[in-house]
Amino acid sequence: MQTLPQSNIATFSPARIEADRRVLELLSQNFGNISAAATEIINLEAILNLPKGTEHYIADIHGEAEAFRHILKNASGNIKRKVNEIFSTSLREDDIRQLCSLIYYPERKLALIRSSEKDLENFYQITLHQLIKVLQAVSSKYSRSKVRKSLPPEFAYIIEELLHESPSEENKQPYYNRIIESIISTGQAEEFISAISHVIQHLSIDQLHLLGDIFDRGDGAHIVLDTLLAYSDFDIQWGNHDVLWMGAASGNECCIANVLRISLRYGNMTTLEDGYGINLVPLATFAMETYRDDPCEIFMPKDSSEDEPLSDKNRQLIAKMHKAITVIQFKLEGQMIARHPEWGMDDRRLLHRIDRDSASVEIDGKTYPLKDSNFPTIDPSDPYALSEEEKTLMDKIVHSFTVSDKLKSHIGIFYSHGSLYAVHNSNLLFHASMPLDKDGNLKEVMLNGKSYKGKELLQRIELLMRSAINSDTPEHERKNAVDYYLYAWCGPDSPLFDKSKMATFERYLIEDKATHHEEKGFYYHLRDNEEVCDMILDSFDVTGEHRHIINGHVPVKAGSGENPVKANGKLMVIDGGFSKAYHTTTGIAGYTLVYHSRGFELVQHEPFTSADEAVRNGTDIISINRLVELNSQRVRVRDTDRGKELLGQIEELRELLYAYRHGFIKERK
């Protein structure tokens with residue numbers, strides 16, 4: 001019988017086997033004998049020496065579904081780089097563009113080609129050979145087992161045969177050529193082209209990290225989340241706009257009002273109505289009746305749609321709806337803040353400070369004129385009370401949110417794949433901020449009567465927010481947790497916000513821009529300090545020679561020369577403005593941070609035209625690559641978090657081998 005080298009068995013003993021027996025018995029159900037366990041060890045050891053997979057970090061998508069989906073399809077430009085490497089000497093630039101376009105949008109591109117190509121059989125033959133070469137390139141860093149799992153079952157065997165074609169195998173060339181010919185002659189060419197294209201897309205991104213704010217502004221958040229359902233290897237760090245929708249789905253009326261207000265502000269009803277079936281008719285009816293003669297000028301929507309601008313009639317209706325829900329939001333927030341004095345947000349209760357006679361409001365001892373003072377539903381004697389009509393309206397709207405199965409399903413993704421923070425391969429990911437004091441120390445923040453900071457603060461906040469949806473949470477605790485979603489959205493010490501106030505009232509109703517200022521927390525001022533970043537990384541137990549903090553949330557004004565890489569490379573802010581609403585602020589249209597086996601690259605994207613344009617003309621997002629950090633040696637799977645898991649599994653399997661060979665556990669047939 002073959003024996004293991006002494007170095008591999010020295011740490012095992014009968015006492016250890018007995019202590020680990022339960023685990024080993026469970027492991028033996030999958031690896032029932034010496035051969036099975038040894039084979040798995042060989043497999044895992046081989047995987048450890050493969051290059052690490054490519055990770056993509058994206059932040060602040062804000063509903064821009066078409067641009068997001070295109071970046072997934074082109075792997076932030078990585079697929080085009082691969083195609084260029086393979087075919088730069090054999091294909092013209094236009095042919096490379098068209099091949100890439102086919103990989104990104106195979107079904108739509110094939111329909112276009114079918115109507116114009118005269119020799120389809122020749123096209124199919126050439127294209128299948130080209131796609132196999134591209135697939136060979138993008139799959140080269142993965143095990144055959146992983147690639148096999150990515151293949152569509154109906155074509156897996158044939159694609160795998162083609163995938164392992166070697167130009168030097170002259171004896172097999174007729175075999176490979178005949179496979180291609182048979183694919184075409186049986187009418188399966190287009191299905192194969194589509195299948196291979198989707199596998200190329202899938203293998204080009206090994207892990208997708210989304211650093212928050214999938215929702216709001218753009219009209220396709222529901223499409224983004226539908227797209228994610230087709231992926232298995234992704235995680236989400238909750239953003240402030242995400243927790244707003246999570247709170248809305250849990251029934252928090254303040255969150256619901258904010259969601260509606262923001263959607264109406266940007267003229268975006270598509271996500272609400274088409275995406276989640278939210279009935280806006282009651283709000284429209286109420287707004288038309290209550291503000292019939294009110295022009296609602298300051299509530300006109302920001303029409304961000306270039307293709308289908310809003311009509312004047314729709315703009316007027318949306319403005320009235322916008323005003324109606326904004327007033328309701330101020331009332332509901334005032335009620336909730338009064339219920340939670342521990343939040344320290346009483347300065348956000350401003351309705352009782354309005355002077356109707358002078359059409360002004362008093363803030364911090366100073367009086368400001370109001371841009372709009374027509375508030376027919378506000379009772380001066382009880383300004384935060386909803387009118388009967390507003391109560392009826394909110395009951396209907398809350399019902400619409402809480403019964404939406406699609407919304408419930410999509411919000412479930414944030415709980416199943418998301419968290420407030422994550423650590424991946426020596427990178428600390430969170431959306432916005434880490435509360436700090438003025439000296440750069442972790443700030444103590446009160447939560448349910450106790451103070452927490454840093455890692456424990458984020459853990460406790462996440463547990464509280466999750467308790468809002470857990471059936472075993474006592475009712476009074478659940479209500480408190482549901483309420484907390486408002487604080488997470490706009491509370492001064494919330495790590496998702498971390499500003500002195502959310503000046504919604506002032507921005508709408510006061511001309512003086514000094515009142516609009518929201519003082520940022522100390523993290524935003526100190527995050528370019530390398531020592532502060534190291535302190536935060538230490539507090540989260542992030543180790544490694546190359547370790548980083550990666551954030552989104554605050555748009556980087558790249559057009560004005562702001563650098564997204566801060567603290568001597570320790571911190572990267574990757575909110576480059578996916579949302580069209582931010583394009584003028586950032587000067588670009590989003591970032592993707594790509595971490596591959598050779599280091600970090602920051603991909604800076606220009607605005608995306610459209611998928612139709614990409615299909616017709618082979619256009620792509622224009623992207624600029626910046627090398628952020630180059631590793632001296634290629635990173636292998638062994639060097640990653642996944643590698644640590646595999647090493648642990650190998651150790652357990654070696655212990656199982658020891659147990660089999662010494663008779664502690666019997667082999668299975």
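Scored by the salt bridge (Lys or Arg N to Asp or Glu O under 4.0 Å) test, E342 finds no partners at all (sequence neighbours excluded).
Of all non-hydrogen atoms in G454 and M434, the two that sit nearest each other are CA-SD, 3.8 Å. Contact record, W343 with Y484: CZ2-CA, 4.0 Å, taken as the closest heavy-atom pair. Between K52 and S597, the shortest heavy-atom contact is CG-CA, 3.7 Å. Scanning both residues, V243 and A488, for their nearest heavy atoms gives CG2-CB, 4.2 Å. Across every non-hydrogen atom of S426 and G544, the tightest pair is OG-CA, 3.8 Å. In terms of heavy-atom proximity, N252 sits nearest to V482 at ND2-O, 2.7 Å.
Using cut-offs of 30° and 60° on the angle between ring planes, the pair F234 and H417 is parallel. Aromatic ring orientation, Y57 versus F600: tilted (interplanar angle from 30° to 60°). Classification of the H209-H424 ring pair by plane angle, with boundaries at 30° and 60°, yields tilted.
Between N480 and N448, the side chains place a donor N or O and an acceptor N or O closer than 3.5 Å (distance only, hydrogens not considered). A side-chain donor-acceptor contact under 3.5 Å links N240 and H431. Inspection of the Y421 and Q459 side chains reveals an N or O donor paired with an N or O acceptor under 3.5 Å. S76 and H56 form a side-chain donor-acceptor contact under 3.5 Å, judged by distance and modelled atom types alone. Y524 and N551 share no side-chain donor-acceptor pair at under 3.5 Å. Side-chain contact, D235 with Q237: a donor N or O sits under 3.5 Å from an acceptor N or O.
For the pair K80 and Y104, the cation does not sit on the ring face, since its NZ or CZ is not both under 6.0 Å from the ring centre and inside 45° of the axis.
Side-chain atoms of N43 never come within 3.5 Å of backbone atoms of E40 as a donor-acceptor pair (strictly under, hydrogens ignored). Although no hydrogens or angles enter the test, the distance criterion places no donor-acceptor pair under 3.5 Å between the side chain of W245 and the main chain of V259. Panel note: side chain D639, backbone R636; a donor-acceptor pair is recorded below 3.5 Å. N74 contributes a side-chain N or O that, together with a main-chain N or O of G77, makes up a donor-acceptor pair within less than 3.5 Å.
The neighbour count for R144 CZ, taken as heavy atoms of other residues, nucleotides or ligands under 6.0 Å away, does not exceed 12. Other residues, nucleotides and ligands place more than 12 heavy atoms under 6.0 Å from the CD atom of Q29. Within 6.0 Å of CD in E531 there are 12 or fewer heavy atoms belonging to other residues, nucleotides or ligands.
Using a 4.5 Å heavy-atom threshold, the side chains of L211 and D60 count as separate. Contact of the L442 side chain with the P435 side chain is not registered, since no non-hydrogen atoms from C-beta on lie closer than 4.5 Å. The shortest distance between side-chain heavy atoms of K520 and V554 falls below 4.5 Å. Between H553 and S433 the shortest side-chain heavy-atom distance does not fall below 4.5 Å. Residues V603 and Y591 fail the side-chain proximity criterion, which asks for heavy atoms closer than 4.5 Å. Between K644 and T640 there is no side-chain heavy-atom pair separated by less than 4.5 Å. Put simply, the side chain of Y485 does not reach to within 4.5 Å of the side chain of L464, judged on heavy atoms. Between I413 and H410, some side-chain heavy-atom pair lies under the 4.5 Å cut-off.
Evaluated for a side chain to side chain donor-acceptor pair (under 3.5 Å) with D206, the options K141, K146, R642 yield exactly one hit, K146.
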May I have the step-by-step check of salt bridge (Lys or Arg N to Asp or Glu O under 4.0 Å) for E651 and R654, ending in yes or no? CA-CA 5 Å; E651 179 73 3; R654 290 192 183 280; 5.8 Å; no
Please determine whether salt bridge (Lys or Arg N to Asp or Glu O under 4.0 Å) holds for the pair K443 and D493, giving the CA-CA distance in whole Å, both sets of side-chain angles, and the decisive distance to 0.1 Å. CA-CA 9 Å; K443 183 178 181 180; D493 283 328; 2.7 Å; yes
List the steps, then state whether salt bridge (Lys or Arg N to Asp or Glu O under 4.0 Å) holds for R547 with D534. CA-CA 9 Å; R547 58 180 189 165; D534 276 328; 3.2 Å; yes
Using the side chain to side chain donor-acceptor pair (under 3.5 Å) rule, take S451 and E444 through it: C-alpha gap first, then chi angles, then the decisive distance, then the call. CA-CA 6 Å; S451 66; E444 296 275 358; 3.2 Å; yes
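The pair D483-K479 fails the salt-bridge criterion, with no side-chain N (NZ, NE, NH1 or NH2) lying under 4.0 Å from an Asp/Glu carboxylate O. Checked for salt-bridge contact, R16 and E655 meet the test: a charged N lies under 4.0 Å from a carboxylate O. Between R69 and E64 no salt bridge is recorded (no basic side-chain N to carboxylate O distance below 4.0 Å). Contact check on R466 versus E462 returns a salt bridge, with a Lys/Arg side-chain nitrogen under 4.0 Å from an Asp/Glu carboxylate oxygen. At a threshold of 4.0 Å, the pair R21-E18 counts as salt-bridged, since one of the basic side-chain nitrogens sits closer than that to a carboxylate oxygen. For K501 and E518, the salt-bridge test fails: no basic side-chain N is under 4.0 Å from an acidic carboxylate O. Looking at E601 and R598, no side-chain N of the basic residue comes within less than 4.0 Å of a carboxylate O on the acidic one, giving no salt bridge.
The aromatic ring centres of Y487 and H340 sit 6.0 Å or more apart. When ring centroids are compared, H241 and W489 come within the 6.0 Å threshold.
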